[in-house]
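Here is the structure we will look at.
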Amino acid sequence: MEIAPQLCSLFERYCMFKDLKRFTFAAALTAVLAPSAFAAEIDFSTRPNYIPNNVVVLTFDDAPDYDHTAEVVNALKAKNAKATFFLNGENWSSLSADESMRALVRRIANEGHTVANHTVHHPHLSEISNSDVEFEVTGMQNLVDSVFGNSSHQLTLFRAPYGDPYQGNDPSNPKESYTRIAPIVAKHAVHIGWSIDSGDFDCNDGDGDCVYNNVTRALGTPGNGDYGIILMHSVYKQTALAVPRIIDYIRANGFQIWSVEDVVRARYGKSSYDIIHGGSTGGGTTNPPVTSGDTYSIVSRFSNKCLDITEPAGVDGAKLQQWDCHGGQNQKFRLQPVSNGIYNLVSLASGKCLDVDGPSVANGAALQQWACSGGTNQQVRLKDSADGSKIISMVNSNKCLDIAGPSANNGARVHQWDCHTGSSQTWFLRK
Ligand SMILES: [Zn+2]
């Protein structure tokens, strides 16, 4: 491990002092040319005010490595939890040269985790030239493209090694290094800081208690501690040992696990892909096609619960809610084509159509089932979201299928609301 950079990460003033000495004409020019460039960031903040206080996000830096990243991925699989991995190309292993490491990165993606960018070589960005910063970001994208054999994994989430120069930056008086580097990164990705540093690199080898205690002490209980993005490194034994216990703690204490993309959406109302590329569709993973006439469970990205018809399931007016997915007929919907891109969602339990009560065009109007009538208040459009999920809007109101609250609880009503692409309005259609 590099000691000085870790000190830099821990003692921000040390880094700022170094930055002051690095002021260059080129940096000044960048500052003049791009003083107000929009750089979307999830900054380093305890208790971020744009997400609920029981949200945590699992992130792992510096993968892949030969010893412990696979153990972390095993633990996540065993606990059915998803994380974001900020990958390096040439750090603890060589992603360009080692097929086993390339296979590990494919496995991370295939098991539903997000792959993100942590540079090729893990440098201090404040200590390298603009062209080298550009290379560290785009070179990692090229490596990941070569790992997957295509460009399906766009690395629109980025974390600078050591948080340099983002950590401790004051937006009202930005560091020179920040002013120089952030616009370069922002062309390619949203920078992701953290709220809770697990300090795993500082724990003794194999001391899982140390990592566990650092994280759980910070978290406490919802409303009574920190929350948000947790920084860990998948390359340490102590981290691999702590991860299952941390997940158990998170769940036992009423926290919910979000993805980094969920946080980006909560902050900016759109995915990192859309922020960078300006579109409203496409993105990190290929959207699985849906097939007219086929039957799906409709799973909330926000809660991981299923769209569900309340009892009694057979009557007109039975309301829609979310509930733990159990595979029952009242959680299955047939995608019945109406016209190009427009469908009815027909309950397998009742043969009735998803329907806006009223029919209303107002926010908060309840969704229910009703005998299929051909009305536009029973017709939906499906729009691809960046992560393979769908946004479902009602044709009569142009409003979106949304979880009231949003609540993560069983029984939370599903209603229509102005579309905002937050995770309470994104759904996975699963067979
Ligand atoms: Zn790192």
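One-based numbering along the sequence shown.
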Nearest 0.5 Å, what's the [atom1]-[atom2] distance between [X] and [Y]?
X: Arg413; Y: Ser407; atom1: CZ; atom2: OG; answer: 12.0 Å
X: Phe148; Y: Asn110; atom1: CZ; atom2: CG; answer: 7.0 Å
X: Glu136; Y: Glu90; atom1: CD; atom2: CD; answer: 10.0 Å
X: Trp194; Y: Asp43; atom1: CH2; atom2: CG; answer: 12.0 Å
X: Phe135; Y: Met140; atom1: CZ; atom2: CE; answer: 10.5 Å
X: Leu104; Y: Asp98; atom1: CG; atom2: CG; answer: 10.0 Å

Less than 4.5 Å apart, side chain to side chain, heavy atoms only: is that true for [X] and [Y]?
X: Asn398; Y: Arg381; result: yes
X: Leu354; Y: Leu401; result: yes
X: Ile42; Y: Val264; result: yes
X: Leu382; Y: Ile391; result: no
X: Pro123; Y: Pro161; result: yes
X: Trp370; Y: Asp357; result: no
X: Asn130; Y: Ile184; result: yes
X: Ser360; Y: Ser397; result: no

- Item | Asn214/Val211 under side-chain contact (heavy atoms from CB on, under 4.5 Å): CA gap, chis, key distance, verdict | CA-CA 5 Å; Asn214 286 347; Val211 182; 5.6 Å; no

- What's the verdict on side chain to side chain donor-acceptor pair (under 3.5 Å) for Gln238 and Asp207, showing C-alpha distance, side-chain angles and the deciding distance? CA-CA 5 Å; Gln238 58 269 29; Asp207 187 355; over 6 Å; no

Does the [X] side chain pair with the main chain of [Y], one donor and one acceptor, at a distance under 3.5 Å?
X: Tyr268; Y: Glu41; result: yes
X: Thr310; Y: Ala318; result: no
X: Thr239; Y: His233; result: yes
X: Gln329; Y: Ala349; result: no
X: Asn117; Y: Leu157; result: no
X: Ser271; Y: Asp274; result: yes
X: Asn54; Y: Gly254; result: yes
X: Lys319; Y: Gly317; result: yes
X: Lys399; Y: Ser393; result: no
X: Asn377; Y: Gly358; result: no

Does any donor atom in the side chain of [X] or [Y] lie under 3.5 Å from an acceptor atom in the other side chain?
X: Trp323; Y: Gln321; answer: no
X: Gln141; Y: His188; answer: no
X: Gln378; Y: Asn344; answer: no
X: Gln331; Y: Ser297; answer: no
X: Ser146; Y: Arg102; answer: yes
X: Asp145; Y: Asn150; answer: no

- Message: Run the ring-ring contact (aromatic ring centres under 6.0 Å, His included) test on Tyr236 and His68 for me, step by step, so that the C-alpha distance in whole Å, both residues' side-chain angles and the decisive distance to 0.1 Å come before the verdict.
- Response: CA-CA 6 Å; Tyr236 300 121; His68 303 301; 8.1 Å; no

Least distance between heavy atoms, [X] atom then [Y] atom:
X: Leu143; Y: Gly89; result: CD1-CA, 3.5 Å
X: Val395; Y: Thr376; result: CB-O, 3.8 Å
X: Gln154; Y: Tyr273; result: CG-CE1, 3.8 Å
X: Ser126; Y: Asp164; result: OG-OD2, 2.8 Å
X: Leu231; Y: Thr59; result: CA-OG1, 3.7 Å
X: Ser423; Y: Asp262; result: CB-OD1, 3.5 Å

Would the [X] and [Y] ring centres measure less than 6.0 Å apart?
X: Tyr162; Y: His122; value: yes
X: Tyr66; Y: Trp92; value: no
X: Phe86; Y: Phe60; value: no
X: Phe85; Y: His113; value: yes
X: Phe333; Y: Tyr296; value: no

- Query: Given Ile108 and Thr69, is the side-chain contact (heavy atoms from CB on, under 4.5 Å) satisfied, shown in steps?
  - Reply: CA-CA 9 Å; Ile108 288 170; Thr69 294; 4.1 Å; yes

- Message: Here's a test for you: under side chain to side chain contact (heavy atoms under 4.5 Å, CB included), which of Asp197, Val72, Asp200, Ile196 qualifies with Met232?
- Response: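 In the set Asp197, Val72, Asp200, Ile196, the residue that makes a side chain to side chain contact (heavy atoms under 4.5 Å, CB included) with Met232 is Asp200.
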
- What pairs meet the salt bridge (charged side-chain N to carboxylate O under 4.0 Å, His left out) rule with one or both residues in residues 231-254, with sequence neighbours excluded? Lys79-Asp248, Asp209-Arg245

- Task: Only pairs at least two apart or in different chains count here, so list each salt bridge (charged side-chain N to carboxylate O under 4.0 Å, His left out) that has a residue in residues 45-74.
- Result: Asp61-Arg159

- Query: Listed by chain and number, what are the salt bridge (Lys or Arg N to Asp or Glu O under 4.0 Å) partners of Lys187, not counting sequence neighbours?
  - Reply: Glu134

- Message: Pair Leu95, Asn88 - check side-chain contact (heavy atoms from CB on, under 4.5 Å), show working.
- Response: CA-CA 8 Å; Leu95 196 54; Asn88 290 130; over 6 Å; no

- Task: Could you walk me through whether Gln322 and Asp308 pass the side-chain contact (heavy atoms from CB on, under 4.5 Å) test, one step at a time?
- Result: CA-CA 5 Å; Gln322 67 177 1; Asp308 177 291; over 6 Å; no

- Query: Going through the distances and angles, do Tyr178 and Tyr166 end up as a ring-ring contact (aromatic ring centres under 6.0 Å, His included)?
  - Reply: CA-CA 6 Å; Tyr178 175 89; Tyr166 294 82; 5.6 Å; yes

- Given side chain to side chain donor-acceptor pair (under 3.5 Å), test Glu261 with Thr114 step by step and report yes or no. CA-CA 9 Å; Glu261 281 292 353; Thr114 303; over 6 Å; no

